[in-house]
Amino acid sequence: MCSRDSSVKMRSSKLWSETFDSAGEELSVGEIKRQEVIFELMQGERMLVEDLQLVKKNYYEPMLKLGIMSLDELKQIFGILDTLPPLHQDLFDELVKLRHEDGTVDQLGPTMLDWLPQLHAYKAYCCNQVAAKALLDHKRRNPAVHNFLQLCQESAFSRKLDVWSFLDLPRSRLVKYPLLLNQLLKHTVAEHPDHHTLSQAVSVIQAIISMINSKAGEAECEYYKKRLCYLYETQGEECVSRSRLLLCHGELKNNKSQRLHAFLFETILVLTRLVIHNNQLEFQVYRQPIPLPELVLEDLPDGEVRVGGSIRGAFIAANERAKNVFRVSFQDGSRGQAHTLQANDSFNKQQWVSCIRHAMVTTREQSASPATSPETPCTLGELSSLSLNCHDGTDQTEDGQRIM
């Protein structure tokens with residue numbers, strides 16, 4: 001099903017100065033560094049086009065032809081991937097035209113300014129990634145899909161990478177443009193005719209990424225909101241439905257060692273249990289969600305014994321200390337249950353505590369100044385690493401649903 005051609009070439013890691021014989025003979029150190037960055041940009045475009053074409057040839061088309069997945073499923077997972085290679089091929093071709101016989105490029109800025117607006121096409125691709133990843137993970141449970149993807153990963157063409165590594169390449173490439181352009185600007189003297197346009201290009205790409213990041217965040221929020229299932233009308237469904245931002249989410253354990261999936265929206269904290277319903281992954285809301293204006297957060301030291309009950313031994317053996325624990329509760333204890341939660345390590349715990357604290361402060365500031373628009377620091381986007389990988393083990397709920 002997948003080519004095992006041993007002749008597949010390894011990726012070249014040659015530098016600009018190693019590629020062109022006369023490179024750098026009459027150039028300053030700064031100009032050589034500038035040409036190296038331009039060369040890296042060009043090579044990156046070429047390799048991205050090759051990889052995106054590889055994905056279509058070795059994953060999409062074989063799975064469709066062999067009936068491993070349906071056309072609709074493949075469209076959901078691969079999105080608009082097939083429209084991206086021409087976009088990056090255009091940039092590569094334009095950059096090649098700028099190159100002199102000695103391998104140098106004088107001005108890059110105007111070309112980048114003309115091309116960068118095309119990256120708005122990435123909005124649709126990035127907004128689809130959460131749903132695409134979820135469907136792909138679900139389909140991996142099918143032996144035919146699992147075996148096909150495993151065979152591909154073991155083949156030379158994949159360089160031992162999983163299919164998702166290829167599907168995530170466009171997003172990875174997108175966030176690298178500001179880094180490359182800033183590095184290029186650093187090695188371009190202020191008097192250089194390219195300096196001003198490069199500075200403009202940096203501003204343009206940062207604005208595009210900010211817009212795409214915002215839209216992708218909203219899409220992720222909507223995706224998970226639709227997969228929450230409520231057992232009672234009093235579980236805050238209306239408050240969750242008004243949320244536009246999902247600040248972070250991931251797996252935690254309660255004091256009964258039950259795995260819970262927590263969602264921190266900009267207005268409410270929701271704890272859930274993973275269930276399978278009608279062969280679809282859902283998140284069953286657990287107990288009463290806590291609106292942020294009513295939330296009390298306690299950062300508990302390792303091994304802490306609290307008045308009214310001990311958490312020592314609640315998660316692990318009685319002769320060991322519970323670590324990486326924090327507590328969330330209502331200001332009014334009669335409104336709902338308190339939860340003592342354990343993260344998988346100290347770093348994960350601090351991410352949760354910091355994110356919840358920031359969300360609480362932001363909520364209170366907005367309550368004091370209703371006209372203030374909500375703002376989320378860019379660091380919150382990095383908490384997507386808390387996203388849970390689905391487990392195979394399941395238990396049964398009272399209504400017959402399977403708990404992950």
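What's counted below: heavy atoms across the whole structure, side chains too, no hydrogens, waters or symmetry copies.
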**Student:** Look up atom CD1 in I356 and atom CD1 in I290, then write down how far apart they are to the nearest 0.5 Å.
**Tutor:**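 It comes to 9.0 Å.
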**Student:** Would you call E238 and R242 a salt bridge, taking side-chain N to carboxylate O under 4.0 Å as the test?
**Tutor:**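 Salt bridge: yes.
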**Student:** Tell me, do W115 and H88 make a side-chain contact under 4.5 Å, heavy atoms counted?
**Tutor:**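 Yes, their side chains come closer than 4.5 Å.
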**Student:** Once you round to the nearest 0.5 Å, how far does CG of L180 lie from CG of L108?
**Tutor:**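 The CG atom of L180 sits 10.0 Å away from the CG atom of L108.
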**Student:** Is any side-chain heavy atom of R99 closer than 4.5 Å to one of L95?
**Tutor:**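 SC-SC contact between L95 and R99 ruled out.
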**Student:** Check K225 against S241 and note the closest heavy-atom contact, atom names and distance.
**Tutor:** NZ-O, 3.0 Å
**Student:** Using atom types as modelled and distance alone, determine if a side-chain donor or acceptor of S155 lies under 3.5 Å from a backbone N or O of L151.
**Tutor:** yes
**Student:** Apply the side chain to side chain contact (heavy atoms under 4.5 Å, CB included) test between L119 and each candidate in L87, L84, V204; give the one that qualifies.
**Tutor:** L87
**Student:** For residues Q35 and V105, determine if any side-chain heavy atom of one lies less than 4.5 Å from a side-chain heavy atom of the other.
**Tutor:**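 Touching, per the 4.5 Å side-chain cut-off.
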**Student:** Between R335 and Q331, is there a donor-acceptor pair closer than 3.5 Å when you use the side chain of the first and the backbone of the second?
**Tutor:** no
**Student:** Between the main-chain N or O of D194 and the side-chain N or O of T197, is there a donor-acceptor pair closer than 3.5 Å?
**Tutor:** yes
**Student:** Would K56 and E61 satisfy side chain to side chain contact (heavy atoms under 4.5 Å, CB included), going step by step from the backbone distance to the final call?
**Tutor:** CA-CA 6 Å; K56 183 176 181 180; E61 292 177 349; 3.5 Å; yes
**Student:** For the pair E298 (side chain) and R327 (backbone), establish whether a donor and an acceptor sit closer than 3.5 Å, ignoring hydrogens and angles.
**Tutor:** no
**Student:** Can you measure from CG (L264) to CG (L292) and round to the nearest 0.5 angstrom?
**Tutor:**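 Atom-to-atom, L264:CG and L292:CG are 6.0 Å apart.
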**Student:** Under a 3.5 Å distance rule, please check whether Q153 uses its side chain to pair with a backbone N or O of V163 as donor and acceptor.
**Tutor:** no
**Student:** Specify whether Y122 and Y125 have parallel, tilted or perpendicular ring planes, treating 30° as the upper limit for parallel and 60° as the lower limit for perpendicular.
**Tutor:** perpendicular
**Student:** Evaluate L91 against Q118 for side chain to side chain contact (heavy atoms under 4.5 Å, CB included), listing each step before the verdict.
**Tutor:** CA-CA 10 Å; L91 176 59; Q118 297 185 56; over 6 Å; no
**Student:** I'd like to know if the side chain of N255 pairs up with that of Q342 as donor and acceptor (distance under 3.5 Å, no hydrogens or angles considered).
**Tutor:** no
**Student:** Do L184 and R34 have side chains that get closer than 4.5 Å, going by heavy atoms?
**Tutor:**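 Yes; the side chains approach each other to less than 4.5 Å.
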**Student:** Using modelled atom types only, decide if a donor and an acceptor are shared between the side chain of D168 and the backbone of W164 within a distance under 3.5 Å.
**Tutor:** no
**Student:** With a 4.5 Å heavy-atom cut-off, do Q107 and P193 have their side chains touching?
**Tutor:**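 Of all side-chain heavy-atom pairs linking P193 with Q107, at least one is under 4.5 Å.
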**Student:** Would R46 and E50 pass as an ion pair if we require N to O under 4.0 Å?
**Tutor:** yes
**Student:** For residues L135 and E73, report the shortest heavy-atom separation together with the two atoms involved.
**Tutor:** CD2-O, 3.8 Å
**Student:** For a 4.5 angstrom cut-off between non-hydrogen side-chain atoms, does V189 reach H195?
**Tutor:** no
**Student:** Could you give me the CA-CA distance, side-chain angles and deciding distance for N324 and Q350, then say whether side chain to side chain donor-acceptor pair (under 3.5 Å) is met?
**Tutor:** CA-CA 8 Å; N324 312 316; Q350 288 307 313; over 6 Å; no
**Student:** For residues H192 and D106, report the shortest heavy-atom separation together with the two atoms involved.
**Tutor:** CE1-O, 3.2 Å
**Student:** Less than 4.0 angstrom from a charged side-chain N to a carboxylate O is my criterion; do D72 and K75 meet it?
**Tutor:** no
**Student:** Of all the heavy-atom pairs spanning C152 and S158, show the shortest one and how long it is.
**Tutor:**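 Smallest interatomic distance, heavy atoms only, reads O-OG, 2.9 Å.
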**Student:** I'd like to know if E40 and K176 make a salt bridge, using a cut-off of under 4.0 Å between side-chain N and carboxylate O.
**Tutor:** yes
**Student:** When you measure from the side chain of N128 to the backbone N and O of A124, does any donor-acceptor pair fall under 3.5 Å?
**Tutor:**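 Flag not set: sc N128 to bb A124 has no pair under 3.5 Å.
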**Student:** First locate atom CD1 of I212, then atom CG of L174, and finally report the distance between them rounded to the nearest 0.5 Å.
**Tutor:**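 Reported to 0.5 Å precision, the distance equals 5.0 Å.
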**Student:** Below 4.0 angstrom, N of the basic side chain to O of the carboxylate: do E36 and K33 qualify?
**Tutor:** no
**Student:** Any idea how F148 and Y59 line up, ring-wise: parallel (<30°), tilted (30 to 60°), or perpendicular (>60°)?
**Tutor:** perpendicular
**Student:** As a test of understanding, state which of L341, T340, V328 forms a side chain to side chain contact (heavy atoms under 4.5 Å, CB included) with L252.
**Tutor:**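 Exactly one candidate clears the test, L341.
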**Student:** Do M69 and I77 touch side chain to side chain, with heavy atoms closer than 4.5 Å?
**Tutor:**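 In short, these two side chains touch, coming nearer than 4.5 Å.
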**Student:** Looking only at heavy atoms, which two atoms of M42 and F92 are closest? And how far apart?
**Tutor:**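 Minimum heavy-atom separation between M42 and F92: O-CD1, 3.4 Å.
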**Student:** Before you tell me yes or no, could you show the steps for Q206 and N182 under side chain to side chain contact (heavy atoms under 4.5 Å, CB included), namely the whole-Å CA-CA distance, both residues' side-chain angles and the distance that decides it to 0.1 Å?
**Tutor:** CA-CA 11 Å; Q206 288 176 338; N182 270 311; 4.0 Å; yes
**Student:** Which label fits F283 and F263: parallel for a plane angle under 30°, tilted from 30 to 60°, or perpendicular past 60°?
**Tutor:**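 The rings of F283 and F263 stand perpendicular, inter-plane angle above 60°.
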**Student:** Strictly distance-based, threshold 3.5 Å: is any side-chain N or O of K349 a donor or acceptor partner for the main-chain N or O of F326?
**Tutor:**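 Checked: no pair found.
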**Student:** Going by heavy atoms in the side chains, are L136 and L149 under 4.5 Å from each other?
**Tutor:** yes
**Student:** Is the shortest side-chain N to carboxylate O distance from K97 to D93 below 4.0 Å?
**Tutor:** no
**Student:** Just by distance, do the side chain of T267 and the backbone of S243 share a donor-acceptor pair under 3.5 Å?
**Tutor:**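 Absent.
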**Student:** Would the distance check show the side chain of H358 and the main-chain N or O of C355 forming a donor-acceptor pair, the cut-off being under 3.5 Å?
**Tutor:** no
**Student:** Taking only residues two or more places apart in sequence, or in another chain, which ones meet K160 in a salt bridge (Lys or Arg N to Asp or Glu O under 4.0 Å)?
**Tutor:** none
**Student:** Quick one: do D332 and E294 satisfy side chain to side chain contact (heavy atoms under 4.5 Å, CB included)? Show the steps, please.
**Tutor:** CA-CA 8 Å; D332 179 357; E294 303 179 49; 5.8 Å; no
**Student:** Salt bridge check, D51 against R173: does any charged N sit closer than 4.0 Å to a carboxylate O?
**Tutor:** no
**Student:** Considering non-hydrogen atoms only, spot the tightest contact between V353 and L297 and give its length.
**Tutor:**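 So the minimum-distance heavy-atom pair works out to O-CD2, 3.8 Å.
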